[in-house]
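Have a look at the structure below before the remarks.
All ligand and atom numbering here is 1-based and tracks the order in the structure.
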Amino acid sequence: MNLKASNCKIVDCTIRDGGLVNNWDFSVEFVQHLYNSLNEAGVDYMEIGYKNSPKLLKGAESAGPWRFLDDDFLRKVIPQKLNTKLSALVDIGRVDENDILPREESLIDLIRVACYIQDVDKALDLVKVFHDRGYETTINIMALSNVMENQLLEAFEMIDASVVDVVYIVDSYGSLSPNDFNYLVEKFKKYLPNKRLGVHTHNNMQLAFANTLVSVEKGVELLDASVYGMGRAAGNCPTELLVANLKNAKYKVRPVLDMIDKYMIPLREKEEWGYIIPYMITGMLDEHPRSAMALRDTADKDNSVDFYDKLTTPEVTHSK
Ligand SMILES: C[C@H](O)CC(=O)C(=O)O
């Protein structure tokens, strides 16, 4: 067995990142089947949703329950915790820390705090609160492809001095290559020698799997993935590819294939995600996919030449 792969842990984000595709409209049966499949497959963590606070977010009423996880509800969905641990993501400014129970009163094991580089200090304050309540913690620095060297170095100093367990390199726009991951992982290892690392990839350039494998070779431990790649826009590194390729005897692909046959193929008929040209275009331009997502909601959805021209015409301004 590849020694590096043997240290890896897969964090399946189908419900949390996939929820960005269908407004978290997953049935309880879907989530239970996914949990049992991931457990049988030997997947280490399942990110079962966001643990943000509905009072801090507009439009909360329309979203499914995985958008704002409630501990009592969670106990009904997962009456018996198996080997696969549960994870939840929170966003800076969208979570009231008073809504987070101590770990021994919750089914959640891992709380991941997502932030942009300018909010690393605020993210680490939250990490400290969750750490003190007994949770495993990560900080997920989003949109790293847009971060400048001096911002990163400043962030490293704060992270190094913090209690956070794992630091994530997040390719939010799916614009990074294996060489970029090679470079970033080296840098994170140099400045954060005492922290474990994780990666979260998007598949805009068909590189999510390759970027994850390069990261494994460099010693990254936590690997985000989603079944059938279900995640925002171009989606994520497919869980089934990691399970099948990590050369770790504890992983079994068959239960993930069963989840795909029974639930993901029918869902993909109704909802759209994955490698689609407008997402490739935002990826290659190192942009958030929101303009491509908006395009996919119009009758012009396959007019990628016009879309490309719009995004690359200098006089047209658009926000990232
Ligand atoms: C914290 C997560 O990794 C955020 C995410 O999905 C992203 O792409 O950004």
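V199 has its side chain out of reach of D224: every pair of non-hydrogen atoms, C-beta onward, lies at least 4.5 Å apart.
Considering backbone and side-chain N/O of D224, none are found under 3.5 Å from N/O of ligand 1. Below 3.5 Å of separation, one finds no N or O of D171 facing any N or O of ligand 1.
Salt bridge annotation for K122-D125: absent, with no cationic side-chain nitrogen under 4.0 angstrom from a carboxylate oxygen. Ion pairing between D70 and R75 fails under the 4.0 Å rule for side-chain N and carboxylate O. A salt bridge between D109 and R103 is present, with a side-chain N of the basic residue lying under 4.0 Å from a carboxylate O of the acidic one.
In terms of protein heavy-atom proximity, atom 9 (O) of ligand 1 is closest to S172 OG, 2.6 Å. When only non-hydrogen protein atoms are considered, atom 8 (O) of ligand 1 lies nearest to H202 NE2, 2.9 Å. Nearest protein neighbour of atom 6 (O) of ligand 1, counting heavy atoms only, is H200 NE2, 3.0 Å. Of the protein's non-hydrogen atoms, the one nearest atom 4 (C) of ligand 1 is M142 SD, 3.7 Å.
For R232, the closest heavy-atom approach to ligand 1 falls below 4.0 Å.
At a 4.0 Å heavy-atom cut-off, ligand 1 does not touch R112 at all. Within the 4.0 Å heavy-atom criterion, the part of R16 lying near ligand 1 is the side chain and not the backbone.
Distances below 4.0 Å separate heavy atoms of A114 from the following atoms of ligand 1: 1 (C). Set against the non-hydrogen atoms of L89, the atoms of ligand 1 under 4.0 Å away are 1 (C). The distance from ligand 1 to the heavy atoms of V170 drops below 4.0 Å at these ligand atoms: 3 (O), 7 (C), 8 (O), 9 (O).
In this structure, OG1 in T212 is found 12.5 Å from CD in E217, a value given to the nearest 0.5 Å. Atom OH of Y279 is separated from atom CE of M293 by 5.5 Å, given to the nearest 0.5 angstrom. Note that CG of L89 and CZ of R112 are 6.0 Å apart. Values are rounded to the nearest 0.5 Å.
No donor-acceptor distance shorter than 3.5 angstrom exists from the side chain of N39 to the backbone of L82, with no hydrogens or angles considered.
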